[in-house]
Trainee: 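Provided herewith is a single structure, encoded as structure tokens, for subsequent inquiry.
Model, not experiment: these values are computed from the prediction. So that the names make sense, note that chain A is the first sequence line, chain B the second, and so on, each numbered from 1.
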Amino acid sequence: MRKLVLIICLFSPILALAQGFQVNLGGQQQIGMGHTGTGLLQDGASVFFNPGAVAMLSENYVQAGVSPLLFKSDFNPLNTSTQYHTADKVAYPFNAYVVWGPKASFWKIGLGVYTPFGGLTDWGNTWQGKYVLESLDLKAIYFQPTLSIKLTDYLSIGGGFVYNHGSVDLKQALPLSDASGQQTGQAELKGSGKGYGWNAGVYFKTESGVSVGITHRSQVTTTISDGNALFTVPGSLQSSFPQPNTFNATIPLPATNSIGFGFYPTKKWTLALDVNVVGWSVYKALAFDYKSNTPSLQDSYFPRNYKDAVVLRGGAQYKSSNNLSLRFGGGYASTAVNDGYVTPEAPDANRFYVTGGIGYRLGQHLNVDASFEYEHLMARTQTNSQSQLAGTFETNVYIPGLSLSYHW
Amino acid sequence: MKTKFLKQHLYIIAGLLLLGACKPEINTPKPSRGSADFSRFIAVGNSLTAGYADGGLYLAGQQVSFPNLIANQMKLVGGGPFSQPLFSADQANGSGYLSLAGFNADGTPIIKQVTTNLAIRGVITIPGFGNATLYTKYTGEINNYGVPGIKLQQILYAPYGNLNGYFERMLPGNSPTNATTYLDFVTAKPFTFFSSWLGDNDALSYATSGGAGDVLTDKTQFNQLYQALIARLTAGGQKGVVATVPDVTSIPYFNTVTVGAIVAGVQKANPAVTGIYINALTSASTSGTYAPRIATAKDLILLSFSTSKIGQPVTTQLGPLPYGLTPLTPIDSQYVLDQNEVTLTEDYVSSYNQTIKSVAVKYGLAVFDAFAYLNQIKAQGIAVNGVNLTSNYISGGLFSLDGVHLTPQGYAFISNGIIGVINAKYGSSIPFVNVANYTGIKFP
């Protein structure tokens, strides 16, 4: 019976997003260890976790992983016993890294392609908050070429350039009924855009054997230009919602500052601790600037007023043999969303998570790593200051993951 | 050791999954009826109670009447069945109603009257009163006793069942043979809980006729009748909710066509015109007289006024003169609630509401202050589930095409206001209505 429940959970379709929209699924080994890795040398995922550590890696890597994300949110409107659940949809955050340098050289280069931000939330078109949001599909794919240099045997630095390809598809019901009383009004905003950023890190080993990493991943302001603004409205209102129409929007994906530590009490055990500070306070508003405006169709401005968030992470790896590693970890993240600003697109709240993972060495050069993460966003009862949508959100997130890495 | 660790690890994961099940489920307390008993809920009132909208009573409107919406929610806390005097599906359009056919190039609405599938059975002439339209009789259980047009003043008037076709259709007898008063009729069967929203028409009928076609109910009489009404409704210890009378000027019927807009329209053709003339009450008194004067922004032009009348030639002692533009050809009083009439109406409404609130306190009833509620919306609008509702005509979403009664969305919204005061008064937790399920104006 337990097994059955587990299987249902893993394969029932899903939904994505995490703290705000930050997904944080940089590598399966690191996920297994509570998503730590800033102060560790695990594998090619250091490109994401700490570009400063890449030059210290003892091998070269080609690796890729995926973490199907199951995001299940529940909304209970204030003063009711009704529950609305998000539809079962799966998002596929992924990561892929190449790290290369001559053997025993002081430098390495790398390329990372990963999805640090995103959201896939589908509340449907019949729920109480449909005029706030029906569904949101937000993706950000970062491409990051990286260079890392070992300055001494104890100290290395590195940095990368980030190009982001972002896309958004947002649907919202419009409170317009047709002649037969059907609530057919809908707005859909769909477009893609790009943004640029950078990151840098430093990694060093202390005399006590503790390893330390410090990184900065910059804000990546992503601009969507000439996205499609599609409005479905009754015929008599068509002129108020001109078609075709386009929109521009800018979404600031926040900077993250991290410090991480690695401890190695025995040959078999690795312990890690990371702290992230995410600069969500840059996310002031979600604004859409339409090319054609009418008295009925003004540019929209949704205040968000996020605040900086802190994430504490801890994890461990136990190498039970040359071939098998077992990992576990967990953490706690403070919400980025102030009271009064919680929205269904990212019903954020303080959250905790636990993770587990297994790494297995298939051959001398090939590793497979599996991970699992469970997140729980605490129930949060809110009245949104703009929409007045009032009720309680509670969310569970299930994230299995699998990666393959070839190293030499 | 190895396998044991692995196993334990998997158990932890499995345990967590079981703990959270697959999807989260927020625990909500079981709704409670508190100290009230909703097993037979009756609704007493006028058109707002009946579900009147778009200038008519029709099936789709009846189905979203606020008492019906509230009764559906009461069923979650032990409420009983709730029957309404619905029109049949064949005669679903009831009295007929207004529908939006589109917009003119200048953005003004094109409104048509629905005249098919009506439930009109005839028109009878009552000596000394005039014509009464009669509707297909309803026989069956009734919980919603809403009668469009009824005033508090008429609840003890025995012949009223012959004069008002909406009341007549609920009664067994045919007009003009009825002699049952409204109050006797609604209290004939035992009930446990009531809503009473009466008194609006005692002021509104005067206001919507521009002060010309009806009179305000005397304040003392209003007080006496309201005392009698509530004494009877609570005679068996019943609990209930009463609503106050809205400020008549909070509704779009009085705020859509403005003096400024008319003058601006006239000036486009004739820049020399500086104002329009109305026939206005000279003092804020029921015994005041009428005299023509220039209209100001404080005079309210009714939604029923067709601005195309302005400037049309009218025969006078000085020959033909343009309508509305001279003291000899003022806009008729029936189209204007002038400043003194507004003051007079507001004074009466204020008195009525004092009566309603004090009687409610005396009998320990919940009070839905529609006056304050609608004035607040007029002043600043309100957001509900991401929709901004205002008192604007058509675009506001709250008021139907007649500018007085509500849209389904408006009735759903009001229902929550009423449920809120019931819950607060009686410690119940009747769940709220999902306003997002209900439509505003229907657009072609």
Side-chain angles (χ1 to χ4, degrees), chain A residues 2-3 5-6 8-9 12 72-83 85 126-133 172-173 175-183 233-237 296 318 320-321 324 326 328 354 356 358 372 374 376-377 379 384 386-389 392-396 398, chain B residues 1-2 5-6 9-31 60 73 76 99-103 107 109-110 382-389 395 397 408-409 416 419-420 423 429-444:
Chain A
R2 276 190 178 191
K3 204 171 177 182
V5 173
L6 181 66
I8 292 169
C9 283
S12 65
K72 296 198 154 291
S73 201
D74 181 16
F75 178 67
N76 163 230
L78 194 68
N79 295 319
T80 75
S81 41
T82 312
Q83 315 248 350
H85 295 275
T126 57
W127 81 297
Q128 186 151 341
K130 64 190 173 184
Y131 297 120
V132 179
L133 182 79
Q172 188 184 46
L176 298 171
S177 305
D178 66 16
S180 63
Q182 299 298 307
Q183 295 171 297
V233 298
S236 61
L237 298 173
S296 304
Y318 175 72
S320 65
S321 76
L324 183 68
L326 302 169
F328 61 93
V354 292
I358 302 171
F372 187 84
Y374 165 80
H376 179 71
L377 282 71
N384 184 278
Q386 189 181 34
S387 69
Q388 295 296 314
L389 182 67
T392 304
F393 286 102
E394 188 171 357
T395 305
N396 288 341
Y398 306 90
Chain B
M1 171 67 197
K2 188 195 310 175
F5 185 85
L6 183 66
H9 203 164
L10 282 176
Y11 281 153
I12 291 169
I13 294 173
L16 283 166
L17 284 171
L18 285 170
L19 196 72
C22 275
K23 54 187 182 186
E25 198 73 26
I26 296 159
N27 287 328
T28 55
K30 191 172 157 28
Q73 301 305 107
L76 302 168
S99 90
L100 183 64
F103 293 93
I110 305 165
I382 190 162
V384 182
N385 301 320
V387 179
N388 291 312
L389 299 174
S395 65
Q409 184 171 250
N416 284 345
I419 289 173
N423 285 345
S429 52
I430 304 168
F432 277 33
V433 175
N434 177 6
V435 179
N437 274 348
Y438 296 89
T439 59
I441 295 284
K442 297 181 181 80
F443 294 94

Trainee: Do you know the tightest heavy-atom contact between A:Thr126 and B:Asn437?
Mentor: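 For A:Thr126 and B:Asn437, the tightest heavy-atom pair comes out as O-OD1, 4.0 Å.
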Trainee: What pair of heavy atoms forms the shortest contact from B:Asn385 to A:Val132, and how long is it?
Mentor: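 Nearest pair, atom of B:Asn385 first, then A:Val132: O-CG2, 3.8 Å.
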Trainee: So which part of A:His85 gets closer than 4.5 Å to some heavy atom of chain B, the side chain, the backbone, both or neither?
Mentor: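 Side chain only.
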Trainee: Hey, mind stepping through A:Leu78 and B:Phe432 against side chain to side chain contact (heavy atoms under 4.5 Å, CB included) and telling me if it holds?
Mentor: CA-CA 8 Å; A:Leu78 194 68; B:Phe432 277 33; over 6 Å; no
Trainee: Please classify the contact of B:Ile382 with chain A as side chain, backbone, both or neither, using a heavy-atom distance under 4.5 Å.
Mentor: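 Neither; nothing under 4.5 Å.
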Trainee: Quick one: closest heavy-atom pair of A:Trp127 and B:Asn434, and the distance?
Mentor: C-ND2, 4.5 Å
Trainee: Measuring from atom CG of A:Leu176 to atom OG1 of B:Thr439, what distance do you get when rounded to the nearest 0.5 angstrom?
Mentor: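 If we round to the nearest 0.5 Å, A:Leu176:CG and B:Thr439:OG1 are 11.0 Å apart.
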Trainee: Measure distances from B:Ile419 to the heavy atoms of chain A and classify the residue's part below 4.5 Å as side chain, backbone, both or neither.
Mentor: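 The answer is neither part of B:Ile419.
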Trainee: A:Asp178 and B:Lys442: which non-hydrogen atoms are nearest, and at how many Å?
Mentor: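 Minimum heavy-atom contact is O-CB, 3.4 Å.
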Trainee: Could you check which of A:Ser81, A:Ala379, A:Ser73, A:Pro175 has the highest count of heavy-atom pairs closer than 4.5 Å to chain B?
Mentor: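 Max contact count across the listed options: A:Ser81.
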Trainee: Nearest 0.5 Å please: distance from the OG1 atom of B:Thr28 over to the CG atom of A:Asn79.
Mentor: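 The distance works out to 11.5 Å.
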Trainee: List the atom of B:Glu25, the atom of A:Glu394, and the distance in Å for their closest heavy-atom pair.
Mentor: O-OE1, 4.1 Å
Trainee: Counting only heavy atoms closer than 4.5 Å, note whether B:Ser429 contacts chain A via side chain, backbone, both or neither.
Mentor: neither
Trainee: Does any heavy atom of chain A fall under 4.5 Å from the side chain of B:Pro444, the backbone, both, or neither of them?
Mentor: both
Trainee: Can you tell which part of A:Gln128 gets under 4.5 Å to a heavy atom of chain B, answering side chain, backbone, both or neither?
Mentor: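 The answer is both parts of A:Gln128.
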Trainee: Using heavy-atom distances under 4.5 Å, tell me whether A:Gln386 contacts chain B through its side chain, its backbone, both, or neither.
Mentor: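 Interface part for A:Gln386: backbone (N, CA, C, O).
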Trainee: Using every non-hydrogen atom in the two residues, find where A:Gln388 and B:Ala383 come nearest and quote the distance to one decimal.
Mentor: CB-O, 3.2 Å
Trainee: Is there a side-chain contact between B:Val384 and A:Tyr131, using heavy atoms and a 4.5 Å cut-off?
Mentor: no
Trainee: Hey, what do you get for OG (A:Ser177) to CD1 (B:Ile441), rounding to the nearest 0.5 Å?
Mentor: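 Interatomic distance, A:Ser177 OG to B:Ile441 CD1, rounded to 0.5 Å: 9.5 Å.
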Trainee: Go through the atoms of B:Asn416 and report whether side chain, backbone, both or neither lie under 4.5 Å from a heavy atom of chain A.
Mentor: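 Neither part; nothing is under 4.5 Å.
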